[in-house]
Amino acid sequence: MNIKKILIGLIIIIFSTSAFFSLSTNEKIAIIEIEGVIDNPKKYLSSIKEIRDSESFKGAIVRIDSPGGTVGSSQEIYKSLSSLSNKIPTVASIIDIGASGGYMIACGTSYIFANEGSITGSIGVISEYYNFSELIKFLKFDIETIKSGEMKDIGDPTRKLNEKEKKLLNNLVKDIHNQFKSTVSKKRGLSKEEIDLISDGRIFSGNQALSLKLIDEIGGLEAAVKYIEKKIGISDLEIEYFPKKE
């Protein structure tokens with residue numbers, strides 16, 4: 001009789017344990033931390049791919065504290081996040097600064113949070129060229145340049161830009177600026193008049209950005225987590241940070 005009770009008890013324990021593990025799916029929220037000047041997208045693209053390829057991640061929060069960086073790197077991260085947004089809910093959370101390329105990256109998510117005093121915007125492009133010709137004359141250096149084409153040494157700091165070069169570079173900057181404006185306009189649902197008004201490179205506080213429709217809500221990490229949990233209908237999810245630390 002005792003053996004029968006023990007066997008029944010063991011069966012109940014095994015059933016309960018297996019049921020518990022079948023319900024536990026290790027569901028998580030990924031937090032991607034983007035910090036500093038953006039000049040190489042490799043670690044961020046790798047992190048986004050890992051999140052996209054895993055079934056454990058039910059949402060992703062991109063924590064941004066960056067003034068921007070190179071155009072191509074920002075565009076690659078933006079596109080990768082846009083792709084991830086098609087699979088799971090994604091949210092941007094601007095900490096201190098999410099400007100220029102940092103703001104473009106935020107636009108790759110489905111929803112943008114910022115603090116009241118966060119700095120964002122700076123929808124513009126800058127290209128700088130230095131002219132050391134007077135210093136070279138003072139130091140009595142003699143520099144000779146051999147080039148394969150008229151524009152091959154454009155931006156050479158040993159001489160001034162000529163008018164033709166200035167026009168070419170100005171057209172280049174305008175084209176990249178229009179790409180940026182088009183991205184923001186499309187993702188934020190802004191009219192031509194609205195995007196033209198805010199895309200002269202100026203920066204905004206979180207409060208200003210909210211009134212201009214550049215962000216969706218005032219809030220930090222806690223608000224972003226709650227948004228994801230409400231979106232998917234699951235609470236108390238595990239948090240995992242990316243890029244992974246060595």
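Because only heavy atoms are used, hydrogens play no part in the values below, and waters and symmetry mates are left out as well, while side chains stay in. Bear in mind that the values here come from a model prediction, so they are computed numbers and not experimental data.
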Working to the nearest 0.5 Å, report the span between [atom1] of [X] and [atom2] of [Y].
X      : Y      : atom1 : atom2 : result
Ile77  : Ile64  : CD1   : CD1   : 9.0 Å
Glu194 : Asp196 : CD    : CG    : 10.5 Å
Ile228 : Ile29  : CD1   : CD1   : 5.5 Å
Ile94  : Ser118 : CD1   : OG    : 6.5 Å
Ile32  : Ile105 : CD1   : CD1   : 10.0 Å
Ser122 : Tyr103 : OG    : OH    : 12.0 Å

Contact between [X] and [Y] at the side-chain level, heavy atoms closer than 4.5 Å - yes or no?
X      : Y      : value
Thr70  : Gln75  : no
Ile95  : Arg63  : yes
Leu190 : Lys181 : no
Phe141 : Thr158 : no
Thr90  : Val62  : no
Ile112 : Leu214 : no
Leu168 : Lys164 : no
Ile97  : Asp65  : yes

If Ile, Leu, Val, Met, Phe, Trp and Tyr residues are connected whenever their side-chain heavy atoms lie under 4.5 Å apart, and connections chain through other members, are [X] and [Y] in the same group?
X      : Y      : value
Leu139 : Tyr130 : yes
Leu84  : Leu237 : no
Ile234 : Ile61  : yes
Leu221 : Ile51  : no
Ile176 : Met104 : no

Do Asp175 and Gln179 pass the side chain to side chain contact (heavy atoms under 4.5 Å, CB included) test, and can you show the C-alpha distance, the side-chain angles, and the key distance before you say yes or no?
CA-CA 6 Å; Asp175 179 60; Gln179 293 174 33; 3.0 Å; yes
For the pair [X] (side chain) and [Y] (backbone), establish whether a donor and an acceptor sit closer than 3.5 Å, ignoring hydrogens and angles.
X      : Y      : answer
Glu76  : Ser73  : no
Lys58  : Glu55  : yes
Ser46  : Lys42  : no
His177 : Ile123 : yes
Ser66  : Gly68  : yes
Glu229 : Asp236 : yes
Ser54  : Glu50  : no
Ser85  : Leu81  : yes
Lys147 : Glu150 : yes

For [X] and [Y], work out which heavy atoms get closest and say how close.
X      : Y      : value
Val173 : Ser127 : CG2-CB, 3.9 Å
Ser56  : Asn26  : CB-O, 3.5 Å
Gly220 : Ser93  : C-OG, 3.9 Å
Phe180 : Ser100 : CZ-O, 3.2 Å
Ser110 : Asp216 : O-OD2, 4.4 Å
Arg188 : Lys213 : NE-O, 2.9 Å

Taking side chain to side chain contact (heavy atoms under 4.5 Å, CB included) as the definition, give me every residue that meets it alongside Val37, ordered by chain and number, with sequence neighbours left out.
Pro67
Residue set satisfying side chain to side chain contact (heavy atoms under 4.5 Å, CB included) with Lys167, at least two apart, ordered chain then number -> Asn171
Modelled atom types, side-chain donor and acceptor of Tyr111 and Glu217, under 3.5 Å:
yes
Does either side chain, that of Ser133 or that of Arg159, offer a donor lying less than 3.5 Å from an acceptor on the other one?
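Checked: Ser133/Arg159 side chains show no N/O donor-acceptor pair below 3.5 Å.
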Compute the ring centroids of Phe57 and Phe242, then answer whether they are less than 6.0 Å apart.
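Centroid separation for Phe57 and Phe242: below 6.0 Å.
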Can you list the steps and then say if Tyr129 with Leu169 is a side chain to side chain contact (heavy atoms under 4.5 Å, CB included)?
CA-CA 10 Å; Tyr129 299 89; Leu169 292 171; 3.2 Å; yes
Could you go through the side chain to side chain contact (heavy atoms under 4.5 Å, CB included) check for Glu33 and Ile31 one step at a time?
CA-CA 6 Å; Glu33 298 180 308; Ile31 296 184; 4.3 Å; yes
Is it the case that more than 12 heavy atoms not belonging to [X] sit under 6.0 Å from its [atom1] atom?
X      : atom1 : result
Lys28  : NZ    : yes
Lys87  : NZ    : yes
Lys187 : NZ    : yes

Carefully, step by step, assess Ile154 and Leu161 under the rule side chain to side chain contact (heavy atoms under 4.5 Å, CB included).
CA-CA 7 Å; Ile154 191 169; Leu161 291 168; 4.3 Å; yes
